[in-house]
Amino acid sequence: MTVRDRYFGVLGTGSAAPERILTNAELETMVDTSDEWIVSRTGIKERRIADEKTTSSTLAHRAALAALESAKLGAEEIDLIICATVTPDMAFPATACLLQDLLGLRRIPAFDLSAGCSGFGYALSVAESMLRSGPYKRALVVGVDLLSRITDYEDRSTCVLFGDGAGAAILGELPEGFGILASELGADGARGSLLQMPAGGSLRPASLASVEERQHYIRMQGSDVFKFAVRIMDEAGKRVVAQAGLEMDQVDLVVPHQANMRIISAAASRLGLPEEKFFVNVERYGNTSAASIGLALDEAARSGLLKHGDHVVLVGFGAGLTWSALVIKWWAEGDQHGSC
């Protein structure tokens with residue numbers, strides 16, 4: 001494990017999800033699928049869908065307020081905002097800037113990053129580096145996505161997978177040995193075409209043709225993504241645990257990207273860990289992209305599964321293709337975590 005003179009980690013967590021639940025039974029009326037088919041292949045039973053008034057920034061705001069309450073901090077004590085999303089309110093300004101305004105903050109840096117479902121891990125790692133090297137004391141990290149906005153509900157191979165949500169964490173300095181012990185970020189851009197939204201950018205700007213061809217929705221080559229996901233969660237998970245100076249049997253909990261139960265089960269087998277050590281909520285939310293790990297981490301913390309001093313691994317993969325893995329030694333003074 002790398003010797004550090006300062007340690008930074010999670011002071012509080014929060015999450016938010018829309019009220020509307022889209023069940024598998026409802027999807028059966030929309031596309032040629034069945035509850036049995038969806039559950040057996042993905043483990044998903046329902047997902048949350050945002051209403052027309054909800055945006056990524058407003059859902060992120062709810063999660064951020066819950067995280068601030070959990071950390072017992074006021075918004076004015078935040079020095080930095082990083083928002084991970086692939087569904088920003090608009091191309092620009094950044095959703096993080098809109099969130100800054102909703103929180104009543106001024107002047108502090110605020111920016112978005114796009115790493116797909118790996119986004120929350122990317123944002124945690126970037127925030128920790130900025131806290132360590134810059135003049136910042138506390139950072140707000142939010143992973144938020146409204147994938148329902150870019151899901152093709154005529155494509156049965158993808159529409160059963162995705163939902164909306166937000167997960168947030170407040171990062172700050174912790175006593176020696178606690179917080180983020182190790183992290184790994186990576187990408188394989190040569191595989192980018194396996195998971196993409198083809199139109200809407202500078203390569204193919206929005207046009208009548210792009211809309212008619214349904215190019216503004218998620219397109220995924222599921223089998224190839226599955227193989228990549230299982231391999232990279234195994235390899236990155238093992239590397240980051242070793243980097244933290246730990247053995248796999250010292251891992252108390254794994255919070256994986258909630259994409260698909262089959263992926264999680266396969267990754268657990270390759271990592272040599274029992275599935276009981278993996279926190280799973282995919283059955284209730286589906287794949288919420290950048291929100292996935294943050295939302296799951298908040299639920300794990302609030303449920304009491306995370307104890308003071310536990311070693312937790314966060315690991316995920318996403319569009320890019322990207323991956324992120326972190327090891328955190330959990331700090332819990334009061335075990336107070338919030339959600340909205």
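Worth saying up front: this structure is predicted, and the values here are computed from it rather than measured. Start at 1 with the first residue, then count along the sequence.
- Using a 4.0 Å cut-off between charged nitrogen and carboxylate oxygen, Arg48 and Asp164 do not count as a salt-bridge pair.
- Here the CD atom belonging to Gln100 is positioned 9.5 Å from the CG atom belonging to Leu98, to the nearest 0.5 angstrom.
- Pairing each heavy atom of Ser289 with each of Asp145, the nearest pair is OG-OD2, 2.9 Å.
- Among Ile150, Thr288, Leu147, the single residue meeting the side-chain contact (heavy atoms from CB on, under 4.5 Å) criterion with Phe162 is Leu147.
- The 12-atom threshold is exceeded at CZ of Arg231, counting heavy atoms of other residues, nucleotides or ligands nearer than 6.0 Å.
- A salt bridge links Arg219 with Asp152: at least one charged nitrogen is closer than 4.0 Å to a carboxylate oxygen.
- Between the side chain of Ser269 and the backbone N or O of Ala266 there is no donor-acceptor pair closer than 3.5 Å.
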Working for ring pair (Phe, Tyr, Trp, His ring centres under 6.0 Å), residues Phe178 and His308 = CA-CA 10 Å; Phe178 285 88; His308 186 73; 4.9 Å; yes
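- Side chain of Asp89 to main chain of Thr55: no donor-acceptor pair is present (N/O by atom type, distance under 3.5 Å, no hydrogens or angles).
- Taking CZ from Phe120 and SG from Cys83, the interatomic distance works out to 11.0 Å, rounded to the nearest 0.5 Å.
- Within a 6.0 Å radius of CZ in Arg107, no more than 12 heavy atoms belonging to other residues, nucleotides or ligands are found.
- Taking CD1 from Ile108 and CG from Leu103, the interatomic distance works out to 8.0 Å, rounded to the nearest 0.5 Å.
- Using modelled atom types, no side-chain atom of Thr54 and backbone atom of Ala50 make a donor-acceptor pair closer than 3.5 Å.
- Using a 4.0 Å cut-off between charged side-chain N and carboxylate O, Asp155 and Arg214 make no salt bridge.
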Check the pair Arg138 / Asp79 against salt bridge (Lys or Arg N to Asp or Glu O under 4.0 Å), numbers first and verdict last.
-> CA-CA 6 Å; Arg138 299 182 185 90; Asp79 306 300; 5.4 Å; no
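- The backbone N or O of Gly43 lies less than 3.5 Å from no partner atom in the side chain of Asn260, so there is not a single donor-acceptor pair.
- Using a 4.5 Å heavy-atom threshold, the side chains of Leu246 and Val327 count as touching.
- Between the side chain of Ser133 and the backbone N or O of Ser129, at least one donor-acceptor pair lies under 3.5 Å.
- Of the residues listed (Val255, Val254, Val240), the one engaging Leu314 in a side-chain contact (heavy atoms from CB on, under 4.5 Å) is Val255, and it is the only one.
- Taking the side chain as every heavy atom from C-beta outward, Leu80 and Met130 approach each other to under 4.5 Å.
- Between Ala96 and Ala110, the shortest heavy-atom distance links the atoms O-CB, 3.7 Å.
- Test Ile263, Val280, Asn287, Leu295 against Gln258 for side-chain contact (heavy atoms from CB on, under 4.5 Å) and you get one pass: Val280.
- Between Lys329 and Glu176 no salt bridge is recorded (no basic side-chain N to carboxylate O distance below 4.0 Å).
- Here CD of Glu26 is found 12.0 Å from CG of Asp35. Values are rounded to the nearest 0.5 Å.
- Residues Ile44 and Tyr285 have side chains not in contact (no heavy-atom distance under 4.5 Å, counting atoms from C-beta outward).
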Show the numbers, then the answer: is there a side chain to side chain contact (heavy atoms under 4.5 Å, CB included) between Leu73 and Ile170?
-> CA-CA 9 Å; Leu73 295 172; Ile170 308 295; 3.8 Å; yes
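- Residue Arg204 comes nearest to Pro198 through the heavy atom pair CB-O, 4.1 Å, listed as atom of the first residue, atom of the second, then distance.
- Side chains of Leu174 and Leu11 form a contact here, defined as non-hydrogen atoms less than 4.5 Å apart.
- Looking at Cys97 and Phe92, their side chains never come closer than 4.5 Å, going by heavy atoms from C-beta outward.
- Counting only heavy atoms from C-beta outward, the side chains of Val39 and Lys45 approach each other to under 4.5 Å.
- The cluster map of Ile, Leu, Val, Met, Phe, Trp and Tyr, joined by side-chain heavy atoms under 4.5 Å apart, puts Phe226 and Phe228 in the same cluster.
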For side chain to side chain contact (heavy atoms under 4.5 Å, CB included), just list the numbers for Gln243 and Leu181, CA-CA rounded to whole Å, side-chain angles, deciding distance to a tenth of an Å, and then say yes or no.
-> CA-CA 8 Å; Gln243 184 185 338; Leu181 304 183; over 6 Å; no
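- A 4.5 Å side-chain heavy-atom check between Val313 and Val241 finds at least one atom pair inside the cut-off.
- Rounded to the nearest 0.5 Å, atoms CZ (Arg284) and CG (Asn281) are 5.0 Å apart.
- Taking the charged nitrogens against the carboxylate oxygens, Asp310 and Lys307 have no contact shorter than 4.0 Å, which rules out a salt bridge.
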Report the C-alpha separation of Cys159 and Met30 in whole Å, then their side-chain angles, then the decisive distance to 0.1 Å, and conclude whether the side chain to side chain contact (heavy atoms under 4.5 Å, CB included) test is met.
-> CA-CA 10 Å; Cys159 73; Met30 299 164 61; over 6 Å; no
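- Applying the side-chain contact (heavy atoms from CB on, under 4.5 Å) test between Arg47 and each of Ile21, Thr151, Leu22 identifies Leu22 as the sole match.
- Closest of all the heavy-atom pairs between Ile49 and Pro18 is O-CB, 3.4 Å.
- When all heavy atoms of Trp330 and Ala301 are compared, the pair lying nearest together is CZ2-CB, 4.0 Å.
- Across every non-hydrogen atom of Leu102 and His61, the tightest pair is O-NE2, 3.4 Å.
- Expressed to the nearest 0.5 Å, how far CG of Leu140 lies from CG of Leu171 amounts to 9.5 Å.
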Let me see the working for Ser118 and Ser324 under side chain to side chain donor-acceptor pair (under 3.5 Å), right down to the final yes or no.
-> CA-CA 6 Å; Ser118 306; Ser324 65; 4.6 Å; no
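- Test Phe278, Phe317, Tyr122 against His257 for ring pair (Phe, Tyr, Trp, His ring centres under 6.0 Å) and you get one pass: Phe317.
- Side chain of Ser210 to backbone of Ala199: no donor-acceptor contact under 3.5 angstrom is found.
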Can you list the steps and then say if Ile218 with Leu195 is a side chain to side chain contact (heavy atoms under 4.5 Å, CB included)?
-> CA-CA 7 Å; Ile218 299 168; Leu195 179 54; 4.0 Å; yes
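- Distance alone, capped at 3.5 Å, places no donor-acceptor pair between the Arg62 side chain and the Ala16 backbone.
- Using modelled atom types, one side-chain atom of Ser265 and one backbone atom of Met261 make a donor-acceptor pair closer than 3.5 Å.
- The side-chain heavy atoms of Ile293 and Pro256, taken from C-beta on, include no pair separated by under 4.5 Å.
- No donor-acceptor distance shorter than 3.5 angstrom exists from the side chain of Thr23 to the backbone of Glu46, with no hydrogens or angles considered.
- Side-chain atoms of Glu235 do not come within 3.5 Å of backbone N or O of Ile232 as any donor-acceptor pair.
- Contact check on Glu173 versus Arg6 returns a salt bridge, with a Lys/Arg side-chain nitrogen under 4.0 Å from an Asp/Glu carboxylate oxygen.
- Heavy atoms of other residues, nucleotides or ligands lying less than 6.0 angstrom from NZ of Lys238 number more than 12.
- Taking a cutoff of 4.0 Å between a charged side-chain nitrogen and a carboxylate oxygen, Arg239 and Glu184 qualify as a salt bridge.
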